[in-house]
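Here the structure is laid out as structure tokens; the discussion comes afterwards.
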Amino acid sequence: MLSQNRLRDHGIEIGVLQPGTLNAITDVPGVQVGHTTIIQGEDIRTGVTSILPHSGNIFQEKVPAAIYVGNGFGKLAGYTQVKELGNLETPIILTNTLSVPTAMNAVIGYTLHQPKNENVRSVNAIVGETNDGYLNDIRGRHVTEEHVLKAIENAKSGPVTEGNIGAGTGTICFGFKGGIGTSSRILPKKSGGYTVGVLVQTNFGGVLQVAGVEVGKKLGHYSNSFKYSPDGSCMMVVLTNAPLDSRNLERLAKRAMMGLSKTGGIASNGSGDYVIAVSTAEECRIPYQSENPIQTVPTLRNEAMTPLFLATIEATEEAILNSLFAGETIIGRDGHKIEALPKEKVLKMLKEAGKMK
């Protein structure tokens with residue numbers, strides 16, 4: 001059982017679709033998530049989170065993928081090849097801004113050393129980031145390749161730890177402690193019965209809304225010039241077992257930004273808001289090499305996409321809010337302190353608004 005630090009633990013339900021058993025990205029069959037958390041001394045508050053679309057050799061069994069840029073103030077590595085070829089060939093890694101090159105090196109090494117990859121001479125590592133420099137000594141670049149490899153090694157199915165964990169250790173969301181959050185949705189059988197899972201690394205701002213309640217406004221936690229910087233970033237990873245090609249995965253990824261906006265996020269000038277969308281469907285996997293020059297894979301028709309769009313919007317909104325509900329007060333670099341979301345006040349607002357069951 002997960003502890004009482006998630007939105008639904010308090011009777012708050014986002015949307016109309018049902019979550020999976022875990023209400024996590026790992027409800028998508030075969031998906032694994034791992035973390036490495038780095039807390040050292042008074043100034044180091046950072047980490048790494050890995051997301052594996054399947055447990056096999058991802059380079060040899062590539063998956064259809066797309067990346068959508070909501071606002072491009074960021075350092076997401078690997079974008080252009082995904083855009084060009086429409087597939088992903090490595091685990092997805094999330095970390096802090098200045099550790100992207102280190103994480104890339106680690107992922108490249110990990111891939112080169114996988115069985116059957118002995119002759120591989122090109123690896124497109126996918127590494128996303130947010131800037132945790134307010135709470136973390138980011139200039140010290142304390143993430144090592146070993147930390148990244150450990151996050152991959154730690155990846156497993158089952159419940160996903162949220163909040164101050166992995167790549168979310170030093171992040172801030174709406175001026176409160178953010179972090180890692182996740183959620184999922186299961187489509188009705190008549191819509192295919194597919195699963196959509198979302199994992200987020202929240203480090204952005206705006207005017208917080210929870211289930212449509214203007215929490216940030218009611219708390220006075222904003223102003224015309226903002227009481228905290230609205231800049232930052234949000235990495236959103238959307239995985240589904242629906243058979244989708246890269247074109248419709250990009251359409252799916254766009255909807256995650258709609259989920260972000262429902263939480264009050266504004267994609268500010270200094271925010272890197274990226275969505276990585278992947279189909280894990282086994283029948284859609286792309287072999288690294290094939291003697292057949294023609295590849296035939298099933299893919300959903302355009303008119304079948306709408307339920308998946310709704311699932312992505314709902315799961316993204318709830319994943320972001322789960323990151324806030326799980327976040328814990330933390331003190332980091334130079335004594336900087338970020339408080340957790342004042343849940344008692346927020347829950348009172350939600351109860352008064354009739355949002356709690």
Side-chain angles (χ1 to χ4, degrees), residues 45-46 67-77 79 94-100 127-136 138-139 163 167-181 198-238 250 253-277 312-313 316-325 327 330 332-333 336-342 346:
R45 307 286 185 270
T46 193
I67 296 174
Y68 179 70
V69 183
N71 192 69
F73 197 116
K75 288 78 186 169
L76 173 63
Y79 168 71
L94 305 179
T95 188
N96 73 60
T97 305
L98 297 186
S99 295
V100 170
V127 181
E129 53 78 30
T130 69
N131 194 307
D132 57 16
Y134 185 77
L135 288 168
N136 174 51
I138 194 169
R139 288 174 58 90
T169 301
T171 64
I172 304 166
C173 190
F174 294 107
F176 301 112
K177 185 65 190 74
I180 297 297
V198 175
L199 182 142
V200 297
Q201 176 194 21
T202 60
N203 193 51
F204 67 97
V207 184
L208 175 61
Q209 294 185 38
V210 179
V213 177
E214 295 182 315
V215 168
K217 186 174 181 180
K218 291 177 180 291
L219 289 174
H221 199 64
Y222 79 104
S223 69
N224 290 335
S225 58
F226 288 93
K227 293 184 178 179
Y228 60 88
S229 172
D231 292 340
S233 292
C234 187
M235 288 299 309
M236 294 158 273
V237 179
V238 181
E250 183 174 2
K254 292 176 181 178
R255 271 60 183 190
M257 288 298 297
M258 298 173 71
L260 181 145
S261 70
K262 291 188 73 174
T263 67
I266 60 173
S268 71
N269 174 71
S271 191
D273 304 309
Y274 296 88
V275 189
I276 303 169
T312 300
I313 294 167
T316 303
E317 179 184 3
E318 186 163 342
I320 290 169
L321 296 175
N322 277 339
S323 78
L324 280 162
F325 269 67
I330 189 171
R333 182 181 66 85
H336 292 162
K337 183 178 183 180
I338 294 295
E339 299 282 352
L341 181 75
V346 172

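Bear in mind the structure is a predicted one, so any value in this text is a computation, not a measurement. Starting from 1, each residue takes its place in the sequence as its number.
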- Task: Hey, can you tell me if Phe174 and Phe204 have their rings parallel, tilted or perpendicular (30° and 60° cut-offs)?
- Result: perpendicular

- Pairwise distance NZ(Lys254) to OH(Tyr68) - rounded to 0.5 angstrom: 6.0 Å

- Inter-residue atom distance Leu76.CG - Thr97.OG1, 0.5 Å rounding: 11.5 Å

- With Glu318 as reference, evaluate Leu321, Asn322, Thr316 under the side chain to side chain contact (heavy atoms under 4.5 Å, CB included) test and give the passing residue. Asn322

- Closest approach of Asn136 and Arg45, non-hydrogen atoms and distance? OD1-N, 2.9 Å

- Assess whether side-chain contact (heavy atoms from CB on, under 4.5 Å) is satisfied between Leu341 and Leu208, documenting all intermediate values. CA-CA 11 Å; Leu341 181 75; Leu208 175 61; 3.7 Å; yes

- Note on the structure: Rounding to 0.5 Å, atoms CG (Leu135) and CD1 (Ile330) come to a distance of 5.5 Å

- Can you measure from CG (Asp132) to CG (Asn203) and round to the nearest 0.5 angstrom? 7.0 Å

- Item | Closest non-hydrogen atom pair, Gly206 against Pro230 | N-CB, 4.3 Å

- Query: Side chains of Met236 and Met257: closer than 4.5 Å at any heavy-atom pair?
  - Reply: yes

- Message: To check you understand the geometry: which heavy-atom pair defines the closest contact between Lys75 and Tyr274, and what is its length?
- Response: N-OH, 4.2 Å

- Message: If we ignore hydrogens and angles and just use 3.5 Å, is the side chain of Asp273 paired with the main-chain N or O of Cys234 as donor and acceptor?
- Response: yes

- Is the backbone N or O of Asp231 less than 3.5 Å from a side-chain atom of Ser229, with the two atoms forming a donor-acceptor pair by type? yes

- List the atom of Ala253, the atom of Ala277, and the distance in Å for their closest heavy-atom pair. CB-CB, 3.9 Å

- Message: Looking at every non-hydrogen atom in both residues, tell me the closest pair between Gly175 and Ile338 and how far apart they are.
- Response: O-CG2, 4.1 Å

- Message: Is any side-chain heavy atom of Thr46 closer than 4.5 Å to one of Ile138?
- Response: no

- Query: Would Ile180 and Gln201 satisfy side-chain contact (heavy atoms from CB on, under 4.5 Å), going step by step from the backbone distance to the final call?
  - Reply: CA-CA 5 Å; Ile180 297 297; Gln201 176 194 21; 4.1 Å; yes

- Message: Would the distance check show the side chain of Thr312 and the main-chain N or O of Arg255 forming a donor-acceptor pair, the cut-off being under 3.5 Å?
- Response: no

- Side-chain contact test, heavy atoms from C-beta onward, threshold under 4.5 Å: evaluate it for Val215 versus Gln209 and give yes or no. no

- Note on the structure: Between Glu129 and Met235, the two heavy atoms sitting closest are O-CG, 3.6 Å

- Over 12 foreign heavy atoms within 6.0 Å of NZ, Lys262: no

- Item | Check: Gly133 main-chain N/O paired with Asn96 side-chain donor or acceptor under 3.5 Å | no

- Are the side chain of Ser233 and the backbone N or O of Gly272 linked by a donor-acceptor pair below 3.5 Å? yes

- Message: Quick one: does any side-chain atom of Thr171 pair with a main-chain N or O of Gly168 as donor and acceptor, under 3.5 Å?
- Response: yes

- Query: Do Thr202 and Leu324 pass the side-chain contact (heavy atoms from CB on, under 4.5 Å) test, and can you show the C-alpha distance, the side-chain angles, and the key distance before you say yes or no?
  - Reply: CA-CA 8 Å; Thr202 60; Leu324 280 162; 5.6 Å; no

